[in-house]
Amino acid sequence: MTNDDRQLFDHRLRERFLSQRVLVLDGGLDDDNGTVLATQMLSLASDDPEKDIALWIHSPGGSVPAMLAIRDVMRLVPCDVTTLALGLACSAGQFLLSAGTPGKRFALPHARILMHQGSAGIGGSAVEVEVQADDLRYTRDTVLRLIAEDTGRPLDQIFTDSLHDRWFTAEQALDYGFIDHVVRELGQVVPVRRHELGLGKGVRA
């Protein structure tokens, strides 16, 4: 399969998922795919404000502004947003996983979740370094506060636990509050397919 073939297959697969209201974060989160996910979520919510949107995650993490924007949209839309950790949900992936609608956050049995505070380079003059450090502290505190809200854990515990890389199994993530369920059945995470019965407008099965 050529690169063009792979890209075409990937595009068709994403379009099929999108038609079922499933968004996929696979790989690193950056400003480009973060914008796509946020705008797709807004579009789906506009199309049907009552039907759930699913966000499936297999990611090593990435852009903090992008993850915060997506979380803002998740809270803005009227429909529930279910989340699923497929294999890996690190840093920004963990943040988005736990930001799903309470009761609708899932992980596959062998998924791994990583929480940490992240890192960023600081450079420039003394004044620039001070400004950057203040902004980093503000961003860090914002992210940790939101994780505490989403998990129900005390903020000081989140701060301490995130000082170093902390890995969780699916069961440990369940105990910690990142997720609500470890997936045991396909029906927990695969959208129900509906078909028109031809018995009148709006009748489905």
Side-chain angles (χ1 to χ4, degrees), residues 1-63 66-67 69-113 170 173 178-205:
M1 182 180 290
T2 66
N3 287 335
D4 288 342
D5 290 335
R6 290 192 186 93
Q7 290 176 1
L8 179 60
F9 176 79
D10 183 64
H11 175 73
R12 288 176 176 173
L13 186 60
R14 289 178 187 278
E15 287 297 313
R16 179 178 177 183
F17 280 137
L18 183 62
S19 70
Q20 298 180 43
R21 299 177 69 84
V22 176
L23 306 178
V24 181
L25 171 59
D26 58 329
L29 176 67
D30 56 37
D31 293 336
D32 291 334
N33 61 9
T35 300
V36 170
L37 289 171
T39 54
Q40 286 177 331
M41 196 173 293
L42 287 167
S43 178
L44 290 172
S46 177
D47 290 341
D48 189 338
E50 297 182 357
K51 190 175 181 182
D52 289 4
I53 298 171
L55 175 61
W56 293 356
I57 300 165
H58 180 73
S59 174
S63 169
M67 80 179 190
I70 293 171
R71 188 189 189 279
D72 285 344
V73 171
M74 293 168 76
R75 292 296 181 270
L76 180 65
V77 296
C79 42
D80 289 350
V81 179
T82 72
T83 53
L84 168 66
L86 296 172
L88 193 65
C90 298
S91 195
Q94 169 269 304
F95 181 86
L96 294 176
L97 174 66
S98 59
T101 299
K104 297 185 176 183
R105 304 171 302 174
F106 300 84
L108 293 181
H110 292 98
R112 296 281 282 171
I113 291 89
F178 291 134
I179 62 172
D180 306 295
H181 310 280
V182 177
V183 177
R184 306 298 182 191
E185 300 177 358
L186 185 64
Q188 290 179 278
V189 293
V190 173
V192 176
R193 300 190 67 178
R194 297 183 175 185
H195 304 278
E196 298 289 348
L197 290 177
L199 300 178
K201 184 177 180 180
V203 179
R204 296 176 180 270

Task: Considering all heavy atoms, the nearest L97-A85 contact - done: CD1-N, 3.7 Å
- [ ] Ignoring hydrogens and angles, tell me if any N or O in the side chain of R75 forms a donor-acceptor pair with the backbone of A99 under 3.5 Å.
- [x] yes
Open item on the list: Strictly distance-based, threshold 3.5 Å: is any side-chain N or O of T101 a donor or acceptor partner for the main-chain N or O of V81?
Closed with: yes
TODO: Give a yes or no on whether the backbone of G28 and the side-chain of N33 come within a donor-acceptor separation of less than 3.5 Å.
DONE: yes
Task: L23 side, atom CG; L96 side, atom CG - distance, nearest 0.5 Å - done: 11.0 Å
Task: Closest non-hydrogen atom pair between R21 and D48, with its separation - done: NH2-O, 2.9 Å
Task: Side chain to side chain, R14 and D26, heavy atoms closer than 4.5 Å - done: yes
TODO: Give a yes or no answer on whether the side chain of S43 reaches the backbone of T39 with a donor-acceptor pair at less than 3.5 Å.
DONE: no
Open item on the list: So, taking the atom named CG in D80 and the one named NZ in K51, what distance separates them when rounded to the nearest 0.5 Å?
Closed with: 13.5 Å
Open item on the list: For a quick test of reading the model, state the closest non-hydrogen atom pair linking L29 to A92 and the distance between them.
Closed with: CD2-CB, 4.1 Å
Open item on the list: Measuring from atom SG of C79 to atom CE of M41, what distance do you get when rounded to the nearest 0.5 angstrom?
Closed with: 8.5 Å
Task: Interatomic distance, M74 atom CE to M67 atom CE [nearest 0.5 angstrom] - done: 12.0 Å
TODO: Taking S46 for its side chain and L42 for its backbone only, find out whether a donor-acceptor pair lies under 3.5 Å.
DONE: no
Open item on the list: I'd like to know whether CD of E15 has more than 12 heavy-atom contacts from other residues, nucleotides or ligands below 6.0 angstrom.
Closed with: yes
Task: Spacing of CD1 belonging to I70 relative to CD belonging to Q40, to within rounding of 0.5 Å - done: 10.0 Å
Task: Check: S59 side chain, A89 main-chain N or O, donor-acceptor pair, under 3.5 Å - done: no
Task: Main-chain N/O of G87 paired with H110 side-chain donor or acceptor, under 3.5 Å - done: no
TODO: Please round to the nearest 0.5 Å and tell me the distance separating atom CG of L55 and atom OG1 of T82.
DONE: 8.0 Å
Open item on the list: Could you report the tightest heavy-atom contact between V24 and L37, atom names first, then the distance?
Closed with: O-CD2, 3.9 Å
TODO: Ignoring hydrogens and angles, tell me if any N or O in the side chain of R105 forms a donor-acceptor pair with the backbone of T83 under 3.5 Å.
DONE: no
Open item on the list: I need the minimum non-hydrogen distance between G103 and D180, along with the two atoms involved.
Closed with: N-OD2, 2.7 Å
TODO: Search all heavy atoms of V189 against all heavy atoms of W56 and return the closest pair with its distance.
DONE: O-CZ2, 3.5 Å
